[in-house]
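Remarks on the structure that follows.
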Amino acid sequence: MRNRNHIINVTALVFIVTVPLYYLLRAIYALPQAASAEAVPIDQMFTGHFIAIAFLFSLIMVFMLYSAFVFRRKPGDDTDGPHIHSNTALEIIWTVVPTFVVLGFGIWGTVTLNDLVSAKENEMTIEVTGQQWSWSFAYPEQEGFSSPTLVLPVDQPVVLKMGSKDVLHSFWVPEFRVKQDLVPGQETTLRITPTEIGDYKVRCAEICGTAHSTMLADVQVVSAAEFDAFVEERTQAPVYAEMTPEERGEMWYTGGEADWASCAGCHSLDGTRLAGPSWLGLYGRTEELEDGTTITADDDYIRKSIFEPNAQIVATYAPAMPAVFVDTFAAKEAEILANEGIEIDIVDDLIAFIQTLEE
Ligand code: CUA
């Protein structure tokens, strides 16, 4: 029977096209390294979708091209083709089967999502704050210190409690797969269990203004021992009198135990462009300002840039820095004077630190 031969041909062709197409899709839409427990079920769903897409594309294209080619008009044949009316069995099949496939994907997605957002045993809470255009991470279970870098112990489930100080942002580490918005006036949560030690980056995944693309923060997944060392370092009460100005400057830069937005959120030390100019080689550098004038980055300029951040904006940057440091620095200096009886100048410390950052 000729029909049977056609069906065998088409079935074989659909299979032959599906397999390479599936691998082509995998190559085109290659996923980054999977570094969290959440990545496993999500990547399985990607695989399921790629198989379905490859199969459906092949099914439609093979049937169409096979029919157009094999049943094309023969030379000299001027007769009409056969008149075909509906095929009830076929129509029921191509309605019912896709309905169940779509429902299946829907149920699979719902079950997976439920699992990803549900509370895990002994999870650790970390508070994430987003603001134009930096991130900060606080560790309420470790005395509440904050850090510009998100440091996570490997294989430890964490729940991120997230909020924004201004507009919508979105927390996204591609290697962890999961993503969640930060909404002003609201707390959102995201659960992650990092499984691979390594360095990653949080990228803001919600357009949030001029410097959105530079709203990045480092993520380090470390061993339990390294995490303990990190916590110990951050929770030790510093004795300011025993530190050099450069050491204090570095501490102010990363936020230290102070509760102001850290410099590190917007100024890199390695030349990377973030929301503000990098501090690498900043001291003594000639900067071009928005109005076309140039200025040398000396003590006066740096002090003014911290206390009146919007007075002199370096060309190509947007005014981003809050003008709060006159007050917060003064309060901190008064606290240190009261506790340790020494007078320090936080800006002088920062300048001393910046002077060590030569290119
Ligand atoms: Cu924050 Cu984009």
Side-chain angles (χ1 to χ4, degrees), residues 29 31-33 35-36 38-39 42 116-117 125-140 145-152 158-192 194 198-221 253-255 258-280 290 305-306 309-310 313-325 328:
Y29 299 105
L31 296 165
Q33 183 201 358
S36 74
E38 291 70 24
I42 289 174
L116 295 184
V117 300
T125 302
I126 298 174
E127 289 163 358
V128 179
T129 306
Q131 68 186 100
Q132 290 170 319
W133 288 276
S134 65
W135 299 94
S136 80
F137 308 96
Y139 292 76
F145 72 86
S146 71
S147 164
T149 299
L150 178 59
V151 180
L152 302 170
V158 292
V159 53
L160 304 180
K161 305 218 158 150
M162 311 200 290
S164 166
K165 285 192 178 168
D166 36 47
V167 300
L168 284 178
H169 302 280
S170 185
F171 180 99
W172 184 43
V173 179
E175 290 83 356
F176 296 161
R177 299 294 188 273
V178 287
K179 186 200 265 178
Q180 180 61 264
D181 279 5
L182 284 72
V183 185
Q186 198 175 315
E187 185 185 88
T188 53
T189 57
L190 185 63
R191 290 187 158 83
I192 299 166
D199 293 336
Y200 311 97
K201 273 216 180 332
V202 188
R203 290 147 211 283
C204 180
E206 185 75 62
I207 290 278
C208 57
T210 322
H212 154 72
S213 66
T214 64
M215 189 168 162
L216 308 167
D218 288 323
V219 180
Q220 293 170 359
V221 177
Y253 167 79
T254 54
D259 51 6
W260 56 70
S262 78
C263 318
C266 298
H267 301 278
S268 77
L269 300 183
D270 61 0
T272 308
R273 186 191 164 106
L274 299 177
S278 176
W279 284 5
L280 180 68
E290 268 182 325
S305 294
I306 294 170
N310 298 328
I313 299 290
V314 176
T316 76
Y317 288 90
M321 189 160 147
V324 296
F325 295 100
T328 50

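Side chains are part of it too, since the values below use all heavy atoms of this structure and drop only hydrogens, waters and symmetry mates. The first residue in the sequence is number 1, and the count goes up from there. Quick caveat: nothing in here was measured; it's all calculated off a predicted structure. In each ligand, atom 1 is the first atom listed, and ligand 1 is the first ligand listed.
Expressed to the nearest 0.5 Å, how far OG of S36 lies from CZ of R191 amounts to 14.0 Å. To the nearest 0.5 Å, the span separating CH2 on W172 from NZ on K201 amounts to 14.0 Å. Rounding to the nearest 0.5 Å gives a distance of 4.5 Å between CZ of F171 and CD1 of I192.
Within the 2.8 Å limit, C204 places at least one N, O or S atom next to atom 2 (Cu) of ligand 1. At a cut-off of 2.8 Å, M215 is counted among the residues with an N, O or S atom near atom 1 (Cu) of ligand 1.
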Point to revise | Verdict with reasoning, V128 to V202, per side chain to side chain contact (heavy atoms under 4.5 Å, CB included) | key: CA-CA 11 Å; V128 179; V202 188; over 6 Å; no

Practice item. Go through the steps for T188 and D181 under the test side chain to side chain contact (heavy atoms under 4.5 Å, CB included), then give the verdict. Key: CA-CA 7 Å; T188 53; D181 279 5; 5.6 Å; no

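The nearest N/O/S atom of E206 to atom 2 (Cu) of ligand 1 is O. Distances from atom 2 (Cu) of ligand 1 to each N, O or S atom of H212 single out ND1 as the nearest.
The ND1 atom of H169, atom 1 (Cu) of ligand 1 and the SG atom of C208 define an angle of 100° (nearest 10 degrees).
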